[in-house]
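To keep things clear, I will list the structure first and then write my remarks on it.
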Amino acid sequence: MKKVLFATTALVATAGVAAADVTFGGYGRFGVMYMDDDSTGVDSTDITSRFRLQIDATAESDAGVVFGARVRIQQNEGQQGMTNGARFFARSGGFEVGVGNIYGALESMPGQYPVDMGLTGLGYDYTAFDDRGDQYSSGGNGAAGSNGVEVLYSAGDLAVHVSASDDNDRVAGYVAYTWSGWTFAVGGQDSDDAGDTEFTATAGGSFGIADVTLAFADNGTNGDRIVLAGRFDVGAATDVEVYVADQDGAGNDTGYGVDFNHDLGGGVSLRGGVAHRFNGDDRADMGVRFNF
């Protein structure tokens, strides 16, 4: 990420502000994606792309409290670029309060995204809670449109996150603890939607030559999901990721995938993968991602 420090009176308009800065960062990606729709029997190969620019602005009071906001500008192939709803926060030490387009406790819980499959995510069937909770929206208001608030706290190896919104009257939280290189987390949610996640647990760490994560989620009427994922280094600049997942009630029950990520240096990587999804669809992609 690139940092630009503004110290002009235009941006620092209050004498009590100790420091202010604006940080720009993000990534671009482009390549090809193959999709085989099991329900229609139609397959297609298309160009896929995304550009994401993230803007973080902060100011620090004389008392050492950091106030800030995050917005994101994103454009995918075939879409107009859009700016999302902002997330505002106040942070002091290990304590943070966020409002607006919140991260969401279950979305940011350790172990929910154990791998980053291929160039595009290839459907994200390896996410145990299956997006059934509040989460930061890249292209919309997220919980900012439904009164979202969250509290985060971390101290050493302990992390706690609680979030709430008027979207299905959700209240969610997790507790995570890291011990001997392994991170264990449990989370739960109360929601008016019977299909939202009710309980989830994850465990992840290094096991021999691999980083391994096991995750489980009770997603209400949408069924239980269990995921086993791993990441292996196969060279100085190349790693391989794999996952297998089981979903109750899914037409195909079991999903799986494998990918590779080759570091070209300077924030640039060559990525690709293939996945067989719960709904029977097959996906494959390959391309380049560059971080900035």
Side-chain angles (χ1 to χ4, degrees), residues 27-52 74-82 107 111-133 135 137-140 195-197 210-217 219-232 234 238-264 268-290:
Y27 69 83
R29 72 184 191 203
F30 60 94
V32 294
M33 172 177 281
Y34 168 81
M35 299 181 63
D36 183 2
D37 189 325
D38 182 66
S39 63
T40 65
V42 176
D43 59 52
S44 62
T45 302
D46 300 288
I47 298 297
T48 181
S49 64
R50 170 180 290 175
F51 176 81
R52 173 181 292 178
Q74 181 165 294
Q75 182 180 33
N76 296 324
E77 73 281 352
Q79 297 179 348
Q80 292 184 345
M82 60 186 76
E107 167 81 357
Q112 291 295 341
Y113 290 88
V115 292
D116 185 12
M117 191 62 44
L119 181 68
T120 63
L122 295 174
Y124 295 97
D125 283 351
Y126 48 86
T127 304
F129 92 108
D130 195 27
D131 299 336
R132 303 190 185 278
Q135 53 191 297
S137 173
S138 294
D196 273 351
T197 301
D211 295 330
V212 178
T213 299
L214 179 64
F216 167 82
N219 295 320
T221 56
N222 286 295
D224 296 347
R225 179 177 295 188
I226 187 167
V227 180
L228 178 63
R231 175 187 176 277
F232 309 82
V234 295
T238 306
D239 65 69
V240 171
E241 296 174 315
V242 297
Y243 81 90
V244 59
D246 184 78
Q247 170 73 46
D248 285 352
N252 195 50
D253 288 334
T254 302
Y256 47 87
V258 59
D259 79 350
F260 76 94
N261 177 8
H262 180 68
D263 187 0
L264 300 175
V268 182
S269 58
L270 178 65
R271 297 166 177 250
V274 59
H276 182 66
R277 304 197 61 200
F278 295 129
N279 60 8
D281 293 354
D282 294 314
R283 291 191 183 188
D285 63 20
M286 180 177 289
V288 175
R289 171 171 167 164
F290 56 96

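You'll find the side chain of Thr213 stays beyond 4.5 Å of the side chain of Tyr243, heavy atoms only. Counting only heavy atoms from C-beta outward, the side chains of Thr48 and Met35 never approach each other to under 4.5 Å. In this structure the side chain of Met286 never reaches within 4.5 angstrom of the side chain of Tyr34, judged on heavy atoms. You'll find the side chain of Met33 stays beyond 4.5 Å of the side chain of Asp46, heavy atoms only. Between Val274 and Val258 the shortest side-chain heavy-atom distance falls below 4.5 Å. You'll find the side chain of Leu228 reaches within 4.5 Å of the side chain of Val212, heavy atoms only. In this structure, Asn222 and Asp224 have side chains that are not in contact, with every pair of non-hydrogen atoms separated by 4.5 Å or more. Val115 has its side chain out of reach of Tyr113: every pair of non-hydrogen atoms, C-beta onward, lies at least 4.5 Å apart.
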Quiz item: For Ile47 and Val32, what are the C-alpha separation, side-chain angles and deciding distance, and is it a side-chain contact (heavy atoms from CB on, under 4.5 Å)?
Solution: CA-CA 5 Å; Ile47 298 297; Val32 294; 4.0 Å; yes
Self-check item: Test side-chain contact (heavy atoms from CB on, under 4.5 Å) applied to Thr254 and Val244, step by step
Solution: CA-CA 7 Å; Thr254 302; Val244 59; 4.0 Å; yes
Exercise. Report the C-alpha separation of Asp38 and Asn279 in whole Å, then their side-chain angles, then the decisive distance to 0.1 Å, and conclude whether the side-chain contact (heavy atoms from CB on, under 4.5 Å) test is met.
Key: CA-CA 7 Å; Asp38 182 66; Asn279 60 8; 5.8 Å; no
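Between the side chain of Arg277 and the backbone N or O of Gly123 there is at least one donor-acceptor pair closer than 3.5 Å. Without hydrogens or angle criteria, Gln112 side chain to Glu107 main chain gives no donor-acceptor distance under 3.5 Å. Side-chain atoms of Asn219 come within 3.5 Å of backbone N or O of Ala128 as a donor-acceptor pair. Counting only distance, with no hydrogens or angles, the side chain of Asp246 and the backbone of Ile226 share no donor-acceptor pair below 3.5 Å. Judged by distance alone, the side chain of Arg225 and the main-chain N or O of Thr127 form a donor-acceptor pair under 3.5 Å. Between the side chain of Tyr126 and the backbone N or O of Met117 there is at least one donor-acceptor pair closer than 3.5 Å.
Listed by chain and residue number, Ser39, Thr40, Asp281 satisfy the side-chain contact (heavy atoms from CB on, under 4.5 Å) test with Asp37 (two or more places apart in sequence, or in another chain). Residues passing the side-chain hydrogen bond (donor to acceptor under 3.5 Å, both in side chains) test with Asn261: none are found, sequence neighbours excluded. Residues that satisfy the side-chain hydrogen bond (donor to acceptor under 3.5 Å, both in side chains) test with Arg29, not counting sequence neighbours, are absent from this structure.
Contact record, Glu77 with Ser49: OE1-O, 2.6 Å, taken as the closest heavy-atom pair. Scanning both residues, Thr197 and Ala217, for their nearest heavy atoms gives CG2-CB, 4.4 Å.
Taken to the nearest 0.5 Å, the CG atom of Asp282 stands 10.5 Å off from the CG atom of Leu122. Within the model, atoms CZ of Arg289 and OG of Ser269 stand 6.5 Å from one another, a figure rounded to the nearest 0.5 Å. The distance from the CD atom of Glu241 to the CG atom of Asp116 is 6.5 Å, given to the nearest 0.5 Å. Distance CZ/Arg50 to CD/Gln75: 11.5 Å, rounded to 0.5 Å. The line from OH of Tyr124 to CG of Asp130 is 13.0 Å long, rounded to the nearest 0.5 Å.
Remark: Arg283 does not engage Asp125 in a salt bridge, criterion side-chain N to carboxylate O under 4.0 Å.
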